[in-house]
J.: 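Below: one structure in structure tokens.
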Amino acid sequence: MTTSPGPPAPKAGKDTVRRHNLSLVLRTVLDEGETTRAAVAARVGLTRAAVSSLVEQLLAGGFLTERGKTFSGQAGRPGTALRAAATGPAGLGVEINVDYVSVCVVDLAGTDRVRLTEHLDNRNVPPGEVLERAARIAARTLTSAAGQELDAVGVRLALPGLVSGGAVRQAPNLGWNRVAAEDLFGQALAALRPERPALPVGSDNEANAAAVAELWFGAGAQREPVRGFLYLSGEIGVGGAIVVDGELLRGAHGFAGEIGHVVVDPQGPVCRCGSRGCLEQYAGQAALLRGAGLDEAAGVPGVTELERRALDGDARTVAALERTGRMLGLVVSGAVNLLDPEAVVLGGIYRPLMPWLGPAVNRELSGRVVSGLWPRGGTRLRASSPSGDAARGAAALVVRDVVADPARYAAAVR
């Protein structure tokens with residue numbers, strides 16, 4: 001039995017083709033870092049005249065700059081060097097987590113240009129108040145960015161929980177249920193900047209945003225890039241994201257990657273999600289600090305003290321990290337058997353604790369991964385890059401939208 005492919009797609013018009021080619025040229029310059037019109041033409045397969053026309057439009061829109069002359073070593077006139085503009089269109093990323101809010105602005109090259117982070121306990125605080133706090137921090141960040149002639153054209157929220165349709169369906173560690181986060185944040189930010197048009201607001205799970213940052217600025221940006229990995233974000237809870245062939249695997253409803261709520265022990269402690277014995281009850285920040293005899297509500301200072309004690313060889317701290325590593329390895333080995341990723345990346349609070357977590361995680365993986373392709377001491381388990389985090393990943397998602405259709409955003413830069 002065959003099915004009809006449906007009506008043919010409408011033929012692309014001149015405007016559609018030009019918009020596509022604008023994006024193609026901009027992406028090529030961004031990929032190269034610095035290049036010439038002739039080199040762009042050779043790479044994308046357009047004529048030099050066509051590329052020159054597109055470049056002029058991108059220069060006028062504030063997306064590219066040109067300077068000096070560059071010599072290719074071949075015969076002919078030297079070309080003007082093109083690179084991404086350090087001013088103009090930018091993305092704003094806002095990570096709202098249980099015990100902090102981090103906001104950053106990135107430029108078209110993905111460089112983190114402005115960042116403000118405030119450590120706040122957002123538990124038992126009404127969602128609207130938390131989002132207003134975040135909007136105030138974002139407004140100050142935008143003011144600082146404007147001083148560098150950067151103009152954010154959109155906002156992306158990175159939120160801990162199940163995020164769908166602009167709302168947080170459930171964020172157990174914040175106590176949020178069905179919170180219209182995009183609308184509440186957007187209204188709060190607009191009220192703080194009445195003289196400016198409201199910025200479009202999007203949202204995503206914080207682990208997804210952090211995985212995007214790892215893909216674009218960390219493991220995926222190396223000389224031999226890793227294009228498929230499982231990302232674990234250690235915070236108050238344990239978040240997860242799955243990257244396959246350079247794209248996030250979101251699942252049927254957008255909730256793939258919730259590894260923190262994989263059950264380790266059905267009779268274990270009650271989790272905030274309502275289940276029992278979830279991984280984050282054994283490997284989340286509170287459990288880790290508690291196991292080391294530290295104040296489980298201490299947040300980032302507690303993690304810093306944990307690292308200090310581990311460096312000093314404190315027996316109780318090292319044992320707590322060992323237990324956490326075993327639990328992480330137990331759950332991650334199941335995910336590796338299911339997904340067979342190129343790598344497993346540990347981020348958030350796990351990154352500075354890798355010297356103590358890593359060996360225990362690796363022992364579990366090497367003993368439980370059925371393929372036998374997880375040798376002890378291998379490189380498939382790695383710490384996340386210091387260049388990436390959820391706020392930067394969220395801001396970069398805004399920039400990706402700009403690069404995909406620069407003509408749409410040229411008029412948005414004010």
J.: How many angstroms lie between atom CZ of Phe63 and atom OG1 of Thr87, to the nearest 0.5 angstrom?
T.: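 Answer rounded to 0.5 Å: 11.5 Å.
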J.: Is the shortest side-chain heavy-atom distance between Leu381 and Met354 below 4.5 Å?
T.: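 Sidechains of Met354 and Leu381: in contact.
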J.: Would you indicate whether the side-chain heavy atoms of Cys271 and Arg276 approach each other to under 4.5 Å?
T.: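 When only atoms from C-beta onward are counted, Cys271 and Arg276 do not touch, as no gap falls below 4.5 Å.
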J.: Got a salt bridge between Asp405 and Arg19, using NZ or NE/NH1/NH2 to carboxylate O under 4.0 Å?
T.: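 Yes.
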J.: Using side-chain contact (heavy atoms from CB on, under 4.5 Å) as the criterion, list what pairs up with Ala287, not counting sequence neighbours.
T.: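 With sequence neighbours excluded, Ala287 shows a side-chain contact (heavy atoms from CB on, under 4.5 Å) to Arg290, given in chain and number order.
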J.: Got a sec, which pairs hit salt bridge (Lys or Arg N to Asp or Glu O under 4.0 Å) with one end in residues 324-338, sequence neighbours left out?
T.: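 Passing the test, one end in residues 324-338: Glu322-Arg326.
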J.: Run the side-chain contact (heavy atoms from CB on, under 4.5 Å) test against Asp99 and tell me which residues pass, sequence neighbours left out.
T.: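 Expected list: Ile236, Gln285.
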J.: Does Arg113 pair with Asp107 as a salt bridge, N-O distance under 4.0 Å?
T.: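 Counted as a salt bridge, because a side-chain N and a carboxylate O are separated by less than 4.0 Å.
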J.: Taking side chain as C-beta onward, heavy atoms only, is Arg37 less than 4.5 Å from Val40?
T.: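 Counting from C-beta outward, Arg37 and Val40 never come under 4.5 Å.
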J.: Could you check whether any side-chain heavy atom of Arg83 comes within less than 4.5 Å of a side-chain heavy atom of Arg67, counting everything from C-beta outward?
T.: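 A side-chain contact under 4.5 Å exists here.
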J.: Side chains of residues 152-173: which donor-acceptor partners sit under 3.5 Å, not counting sequence neighbours?
T.:
{"from": "Arg156", "atom 1": "NH2", "to": "Asp401", "atom 2": "OD2", "distance (Å)": "3.4"}
{"from": "Asn173", "atom 1": "ND2", "to": "Glu280", "atom 2": "OE2", "distance (Å)": "3.2"}

J.: Give a yes-or-no answer on whether the side chains of Arg48 and Ser52 include a donor-acceptor pair shorter than 3.5 Å.
T.: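 Result is no, nothing qualifies.
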J.: Tell me every residue that passes side chain to side chain donor-acceptor pair (under 3.5 Å) with Glu364, counting only those two or more places apart in sequence or in another chain.
T.: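 Partners of Glu364 under the side chain to side chain donor-acceptor pair (under 3.5 Å) test: Arg368.
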J.: With salt bridge (Lys or Arg N to Asp or Glu O under 4.0 Å) as the rule and sequence neighbours excluded, what pairs involving residues 372-384 come up?
T.: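 Found Asp340-Arg380.
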J.: To the closest 0.5 Å, what do you measure between CD1 (Ile349) and OG (Ser233)?
T.: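 Those atoms lie 9.0 Å apart.
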J.: Atom NE2 in His261, atom SG in Cys273: separation rounded to 0.5 Å?
T.: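 Here the rounded value is 5.0 Å.
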J.: Do the non-hydrogen side-chain atoms of Val345 and Leu232 ever get within less than 4.5 Å of each other?
T.: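 No, side chains not in contact.
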J.: Do Val101 and Asn97 touch side chain to side chain, with heavy atoms closer than 4.5 Å?
T.: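 Side chain of Val101 against side chain of Asn97, heavy atoms only: no contact under 4.5 Å found.
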J.: Find the distance between CD (Glu132) and CD (Gln187) and round it off to the nearest 0.5 Å.
T.: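 Reported to 0.5 Å precision, the distance equals 10.0 Å.
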J.: With the side chain counted from C-beta on, respond yes when Asn122 and Leu174 share a heavy-atom pair under 4.5 Å apart, and no when they do not.
T.: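 Contact flag for Asn122/Leu174 side chains = yes.
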J.: For Arg196, is there an ion pair with Asp151 - N to carboxylate O distance below 4.0 angstrom?
T.: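 Looking at Arg196 together with Asp151, the answer is yes, because their closest N to O distance falls below 4.0 Å.
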J.: Report the distance from atom OG of Ser23 to atom CZ of Arg18, rounding to the nearest 0.5 Å.
T.: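 Spacing of OG (Ser23) from CZ (Arg18) equals 13.0 Å.
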J.: Have a look at Ser102 and tell me which of Arg115, Arg392, His119, Glu95 forms a side-chain hydrogen bond (donor to acceptor under 3.5 Å, both in side chains) with it.
T.: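 The passing option is Arg115.
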J.: Roughly how far apart are Thr324 OG1 and Leu306 CG, rounded to 0.5 Å?
T.: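 Thr324 OG1 to Leu306 CG: 8.5 Å, rounded to 0.5 Å.
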J.: Does the side chain of Glu182 come under 3.5 Å of the side chain of Ser203 through a donor N or O and an acceptor N or O?
T.: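 Present: a donor and an acceptor within the cut-off.
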